[in-house]
Amino acid sequence: MDPRLQPQTPEVDPMVTTAVMNVRDRFGAEGLRDLMAVAQMELRNAEAAERRLAALAEPAAAAEPVDAADTQAWLAYTEVDPDREDDRR
């Protein structure tokens with residue numbers, strides 16, 4: 001058998017084997033081709049989902065350092081004038 005077609009696990013779950021045999025017995029070679037096409041599509045979807053989940057598990061990139069001068073400038077800009085009663089900032 002072609003090594004590329006070997007199962008990835010040493011023992012294939014009996015449910016998988018039964019599903020393939022049922023498709024083969026009911027739909028023949030055409031059904032097996034359809035099964036393989038749908039399985040390949042689902043494999044791509046599952047692998048993409050696994051990659052997205054793995055990316056979420058990676059530590060977040062370090063944030064840019066905060067420039068204290070920028071912070072001070074912003075605080076000075078937004079500071080409320082205590083002499084103005086109508087200023088509601």
Side-chain angles (χ1 to χ4, degrees):
M1 181 183 262
D2 185 346
R4 293 175 298 164
L5 300 177
Q6 293 293 326
Q8 293 293 314
T9 55
E11 294 182 21
V12 177
D13 188 297
M15 186 177 202
V16 173
T17 303
T18 300
V20 172
M21 298 299 183
N22 287 340
V23 169
R24 180 201 63 196
D25 293 346
R26 182 165 181 177
F27 302 104
E30 183 178 348
L32 288 172
R33 281 190 291 277
D34 290 343
L35 178 69
M36 290 169 50
V38 171
Q40 288 175 345
M41 180 179 60
E42 288 302 318
L43 177 61
R44 285 190 298 272
N45 291 340
E47 288 174 339
E50 288 173 350
R51 285 190 300 274
R52 287 191 303 270
L53 284 173
L56 291 175
E58 292 177 2
E64 291 183 28
V66 176
D67 185 354
D70 286 345
T71 303
Q72 291 298 320
W74 175 252
L75 289 173
Y77 176 76
T78 59
E79 187 174 289
V80 175
D81 185 358
D83 295 336
R84 292 190 57 187
E85 296 294 326
D86 62 336
D87 193 350
R88 298 184 191 268
R89 278 191 272 166

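What you are looking at is a predicted structure, and each value in this text was computed from that prediction instead of being measured. Numbering starts at 1 and runs along the sequence shown.
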In Å and rounded to the nearest 0.5 Å, what is the CG to CD distance from L35 to E30? 12.5 Å

Distance check, rounded to the nearest 0.5 Å: E47 atom CD versus R44 atom CZ? 9.5 Å

Could you measure the distance from the CG atom of L56 to the CZ atom of R51? Nearest 0.5 Å is fine. 13.5 Å

F27 reachable from L32 in the ILVMFWY side-chain graph, under 4.5 Å edges: yes

Spacing of CE belonging to M36 relative to CG belonging to L43, to within rounding of 0.5 Å: 12.0 Å

Does atom CE of M15 have more than 12 heavy-atom neighbours from other groups under 6.0 Å away? no

